[in-house]
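The structure appears below as structure tokens.
Naming convention: chains lettered A, B, ... in sequence-line order (proteins, then strands); numbering from 1 in each chain.
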2 protein chains.
Amino acid sequence: MSHYLKFVDLNYKPQKDDLICLFYFEPAPGMSTKEAIGRIAAESSNGTWSETQLGTLPHIMKIRARAFKIKGNYVHVAYPIDLFELGSIPQLLSSVAGNIFGMKAMKNLRLCDITFPKKYVQSFKGPQFGIEGIRKFMNIKDRPLTATVPKPKVGMTTEEHAKVGYEAWVGGVDLLKDDENLTDQNFNKFDARVKLCAKMRDKAEKETGEKKDYFVNVTAETNEMLRRAKLAHDYSFKYVMADIVTIGFSGLQTLRNFTEDTKQAIHAHRAMHATFTRNPKHGLSMLFLAKLARLVGVDNLHIGTVIGKLVGKKDEVLMLEHEMEHQLEPDFKTKENVLCQNWYNLKPVLATSSGGLHPGLIPQIIKMLGKDICVQLGGGIHGHPNGTKIGAKALRQAIEATIKKIPLKEYAKYHKELKAALDKWGAERPI
Amino acid sequence: MSHYLKFVDLNYKPQKDDLICLFYFEPAPGMSTKEAIGRIAAESSNGTWSETQLGTLPHIMKIRARAFKIKGNYVHVAYPIDLFELGSIPQLLSSVAGNIFGMKAMKNLRLCDITFPKKYVQSFKGPQFGIEGIRKFMNIKDRPLTATVPKPKVGMTTEEHAKVGYEAWVGGVDLLKDDENLTDQNFNKFDARVKLCAKMRDKAEKETGEKKDYFVNVTAETNEMLRRAKLAHDYSFKYVMADIVTIGFSGLQTLRNFTEDTKQAIHAHRAMHATFTRNPKHGLSMLFLAKLARLVGVDNLHIGTVIGKLVGKKDEVLMLEHEMEHQLEPDFKTKENVLCQNWYNLKPVLATSSGGLHPGLIPQIIKMLGKDICVQLGGGIHGHPNGTKIGAKALRQAIEATIKKIPLKEYAKYHKELKAALDKWGAERPI
């Protein structure tokens with residue numbers, strides 16, 4: 001008998017403190033299902049290819065992972081909490097998202113979902129503000145938050161960037177946002193950008209009477225990232241933005257700890273996620289990544305749009321929105337490739353919908369995702385025939401119409417900014 | 001004409017300071033090749049789906065990326081260096097490894113290789129020691145370095161772990177190594193492990209007259225990671241180990257800066273890489289990841305074995321070894337999916353071969369990869385019928401035999417430790 005089969009126990013009842021992973025797997029040719037799932041559980045916990053003298057001792061066997069449920073190509077694996085260091089995402093990833101994805105024994109392997117026990121959840125900070133906290137400091141009660149990235153993505157001078165920001169803010173956008181690849185390039189240095197945008201924000205706040213803020217991208221080596229977050233704080237920005245995948249989880253956890261003191265919210269961009277989330281048969285799911293982001297404690301997270309330029313099917317986007325913003329959702333339990341998570345006292349994450357959006361798509365987005373979202377438009381504001389300020393106005397009109405349950409085309413009759421947007425991009429295409 | 005075609009210029013001659021990326025791509029159905037490669041270049045530099053007023057200004061157009069060479073499903077894209085923040089891997093990833101992988105316009109997309117200009121290379125530290133520096137402080141001249149992970153991977157007490165380490169060291173292993181998922185769990189706390197292993201190391205050094213060291217896994221949130229590295233330094237360990245993918249590049253760059261002061265080498269484990277490197281049609285190549293690791297400045301990097309339990313074809317492993325350990329290799333230029341890199345003054349990275357190795361495979365590993373490697377055996381030492389110490393002895397004998405050009409089976413006649421290993425696992429299987 002293969003010693004990997006010790007890591008398969010179909011009678012095992014998961015313990016209260018176990019972490020549970022749900023994997024999709026396709027064994028390599030010639031590999032039996034049981035052998036394959038035994039290897040998944042072994043390599044991600046404490047097995048090895050050649051059995052050793054110590055490997056069979058009771059205190060080691062006790063904390064091994066067990067594949068305990070198989071259904072088609074899906075397997076549930078239970079991991080005793082003792083296998084993990086509390087409060088460390090890198091250690092979790094090195095276990096359940098590590099070597100197993102490179103095993104010759106697998107043709108394909110995908111970590112679809114994970115569920116954490118209370119003790120593990122509570123070893124993380126979670127979001128500092130949650131949706132309620134964000135609405136409070138932004139002073140926005142009953143509508144989606146709006147954000148915009150100056151486009152083109154990179155290349156504008158600091159002055160051009162701040163001017164676009166100012167126009168977007170006075171046009172009605174709440175939050176300026178850097179693009180994921182704008183950090184501290186020569187054409188637009190970080191420090192100068194923060195200073196100038198703070199000045200423009202003050203002006204825009206005075207003119208509109210609304211609170212304005214900025215997802216300023218602090219993505220960098222950790223210490224430099226903290227310095228940039230501090231600078232944003234010194235200029236009274238309540239937000240920082242982080243490219244959470246390209247920063248990585250060591251740096252992100254450090255940033256989260258830091259913002260506890262500066263009382264800043266974290267806007268999380270997920271650039272690079274599709275290198276490992278896109279293949280439905282291999283890699284990690286976006287849901288898994290999103291759960292890690294909530295544990296660490298980002299306040300906003302990009303979850304996709306369904307209808308824009310980036311991939312992300314409707315079911316996935318809805319599921320992400322639900323898991324990020326709510327406490328528990330037993331409805332999803334019926335689906336075989338999703339687990340359930342009780343988030344205990346961890347605050348929710350505000351879902352951000354972004355990527356190829358324009359005002360004409362707003363009713364569908366709100367219908368799908370509700371009002372507790374941040375809608376982020378780049379080209380869909382700055383590409384407006386009359387420029388950024390008018391484009392921002394059109395977006396706010398689209399939101400007003402939707403909240404008031406008035407069809408956009410109807411509302412556009414009396415709102416020329418929205419009309420111009422609809423004329424250019426259309427409205428309410430079916431999803 | 002689609003505005004994306006502005007990002008295609010088949011007459012473009014890459015400039016001295018451009019970064020060049022080589023992508024494999026498969027357009028989504030209905031998408032032309034030119035449109036597809038235009039979108040790759042646009043979304044990874046400064047294009048957007050809806051053209052904006054500023055997007056066509058000369059200073060912005062000047063620094064756009066250009067797809068300049070197509071060959072089948074491969075495209076070369078040139079990126080002016082001004083698009084990038086020098087010395088920041090996260091910013092690079094958010095550009096060339098970011099949103100483009102999630103574009104609906106692509107069915108599949110893979111970043112196969114990248115080449116950096118001198119100015120970009122020199123904005124990074126690179127490895128602190130290089131192969132020569134490592135050989136010097138380890139006092140090992142003309143043979144591969146040897147390392148071992150106590151197995152089972154996790155679950156041993158600190159005492160059991162240190163005992164295995166001691167036995168491996170006195171048996172002939174140079175470097176003890178933590179497994180990628182062992183950090184600071186309750187059964188084996190980090191601080192206690194460092195202290196006890198330092199004591200065992202002193203004992204082993206005294207008994208063998210050889211230098212012994214330890215790849216102690218400091219993977220954690222950044223500040224905690226630095227604290228752990230400092231502790232290892234306080235106990236005179238010259239190495240730290242980092243799970244570079246699960247830590248992420250912000251934290252890794254911080255660790256590299258830190259070790260400049262503590263004069264510690266970094267052993268890089270690549271757990272999780274296969275979530276995005278394994279699919280040959282999508283994601284990032286291991287070669288790309290390895291180049292980033294050399295820029296940042298790890299001293300050792302796992303590159304695979306060809307013959308062990310983990311995937312990694314012979315060509316890929318050889319290419320990795322070559323790019324990490326040498327300055328420039330024009331031979332590879334003839335291959336269409338590889339670029340060339342001049343590393344200027346950056347030191348080389350010592351390749352580590354690990355995963356399912358045993359003494360019988362040593363001749364093939366050395367034949368393939370040369371003597372400038374670190375061979376790392378876990379189960380292939382501790383799974384020896386006579387235990388760890390004898391297993392370590394068998395490994396050194398296999399290396400001695402290979403260096404002396406004596407077939408293992410011949411050498412085993414006079415070396416019973418090696419013989420027992422060969423009897424269990426076989427020898428010199430064809431690759």
Qualifying residue, where the test is side chain to side chain donor-acceptor pair (under 3.5 Å) with Thr246(B) and the options are Ser250(A), Ser88(A), Ser94(A): Ser94(A)
In this structure, CG of Asn188(A) is separated from CG of Asp82(B) (nearest 0.5 Å) by 12.5 Å
Only pairs of heavy atoms separated by less than 4.5 Å count here; which of Glu180(B), Met156(B), Met225(B) has the most with chain A? Glu180(B)
Side chains of Asn99(B) and Lys153(A): closer than 4.5 Å at any heavy-atom pair? yes
So for Phe84(B), is it side chain, backbone, both, or neither that comes closer than 4.5 Å to the heavy atoms of chain A? backbone
With a 4.5 Å heavy-atom cut-off, do Met272(B) and Leu284(A) have their side chains touching? yes
How many angstroms lie between atom OG1 of Thr275(A) and atom CD1 of Ile100(B), to the nearest 0.5 angstrom? 10.0 Å
Non-hydrogen atoms of chain A under 4.5 Å away: do they reach the side chain of Ser45(B), the backbone, both or neither? backbone
Of all residues at least two apart in sequence or in a different chain, which pass the salt bridge (Lys or Arg N to Asp or Glu O under 4.0 Å) check with Lys189(A)? Asp184(A)
Just so I understand: if I count every heavy-atom pair under 4.5 Å between each of Pro90(A), Gly248(A), Gly251(A), Ala271(A) and chain B, which residue has the most? Pro90(A)
Tell me the closest heavy-atom pair linking Phe187(A) and Leu83(B), and the distance in Å. CE2-CA, 4.5 Å
Gap between atom CZ of Phe258(B) and atom CG of Asn223(A) - 0.5 Å precision: 10.5 Å
Checking Asn257(B) against chain A: side chain, backbone, both or neither under 4.5 Å from a heavy atom? side chain
Sidechain-backbone polar pair: Thr254(B) side chain, Thr222(A) backbone, donor-acceptor under 3.5 Å: yes
Under 4.5 Å to a heavy atom of chain A? For Lys107(B) that would be backbone
Side-chain donor/acceptor of Gln91(A) to backbone N/O of Asn181(B), under 3.5 Å: yes
Value for CD (Gln253(B)) from CD (Glu224(A)), rounded to nearest 0.5 Å, stands at 10.5 Å
Looking at Leu92(B), Leu255(B), Val154(B), which one has more heavy-atom pairs under 4.5 Å with chain A than the rest? Val154(B)
Go through the atoms of Thr277(A) and report whether side chain, backbone, both or neither lie under 4.5 Å from a heavy atom of chain B. neither
Would the distance check show the side chain of Arg278(A) and the main-chain N or O of Met103(B) forming a donor-acceptor pair, the cut-off being under 3.5 Å? yes
Pick one of side chain, backbone, both or neither for Ile63(A), based on which atoms fall under 4.5 Å of a heavy atom in chain B. side chain
Which region of Val149(B), side chain (C-beta onward) or backbone (N, CA, C, O), has a non-hydrogen atom less than 4.5 Å from a non-hydrogen atom of chain A, or is it both or neither? neither
Go through Val296(A) and Glu221(B) one step at a time and tell me if the side-chain contact (heavy atoms from CB on, under 4.5 Å) criterion holds. CA-CA 11 Å; Val296(A) 171; Glu221(B) 173 275 327; over 6 Å; no
So, for Pro152(A) and Asn46(B), which heavy atoms are closest and what is the spacing to 0.1 Å? CB-O, 3.1 Å
Do Thr219(A) and Glu85(B) touch side chain to side chain, with heavy atoms closer than 4.5 Å? no
